[in-house]
Amino acid sequence: MSSDGAADPAEAVYAFVRTVPRGRVVTYGQIADCLDSVRLTARQVGTILSMCPADAPWHRVVGAGGSTPISKRSPAAALLQRRLLEAEGVAFLGNGRVDMARAQWVDAPWRDE
DNA sequence: CGCTTGACAGGTC
DNA sequence: AGACCTGCCAAGC
């Protein structure tokens, strides 16, 4: 129905986070790296996610290292995120960080380490 | 058209 | 270990 369709980077981000399975998280940079089709940067992902609609599991998106930068803007949002993630079975570290080693979801085109 | 801002990332001090 | 700087790139004014 629209001529643009996939030209909307925001929709690509929402679509990506929707593909994240329950109990798994992704980082802003990871999204930007996988969505190279829309040439996004980690910053844009965050900005877009800030407008995130209710149908996008934004709580599965965390910063690098499993931190939640939203905590400075909205501590309530960070708490909600942690709540939702814990409810999904995501492992948390003692300092309020996600256990990336276990919860970070890796898509196919992940480079060799 | 250009400066400012921004849910980031990584490095340095 | 916390504070500060740069790079990235797009959207807003």
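- Within 6.0 Å of atom CZ in A:R102, 12 or fewer heavy atoms from other residues, nucleotides or ligands are found, so the atom counts as exposed in its surroundings.
- When each of A:R83, A:R22, A:R60 is tested with A:E88 by the rule side chain to side chain donor-acceptor pair (under 3.5 Å), just one qualifies, namely A:R60.
- Atom pair A:I31:CD1 and C:dC9:P shows a separation of 17 Å (rounding to whole Å applied).
- Under a hydrophobic clustering in which Ile, Leu, Val, Met, Phe, Trp and Tyr are joined whenever their side-chain heavy atoms come within less than 4.5 Å, directly or via other members, A:Y14 and A:W105 fall into the same cluster.
- Summarising the geometry, the separation between CG on A:D33 and P on B:dG10 is reported as 11 Å, rounded to the nearest angstrom.
- Where A:M51 and A:L40 meet DNA chain C, the nucleotide closest to each residue was compared, and A:L40 sits on the side nearer the 5' end.
- The two residues A:A56 and A:V17 make their nearest non-hydrogen contact at CB-CG2, 4.2 Å.
- Put simply, CG on A:L49 is 18 Å from P on C:dA10, counting in whole angstrom units.
- Taking atom CG of A:L35 as the reference point, atom C1' of B:dC8 lies 15 Å away to the nearest angstrom.
- Rounding to whole angstrom units, CD of residue A:E11 and P of C:dA10 are separated by 19 Å.
- We find that CD of A:Q104 is positioned 14 Å from C1' of B:dC8, with the value rounded to whole Å.
- Between A:Y28 atom OH and B:dG6 atom C1' the separation is 12 Å, expressed in whole Å.
- The base of C:dC9 does not come close enough to the side chain of A:R43 for any donor and acceptor atom to sit less than 3.5 Å apart.
- For A:R39, counting side-chain heavy atoms from C-beta on, the closest listed nucleotide (C:dA10, B:dA9, B:dG6) is C:dA10.
- Rounding to whole angstrom units, CG of residue A:D8 and P of C:dA10 are separated by 14 Å.
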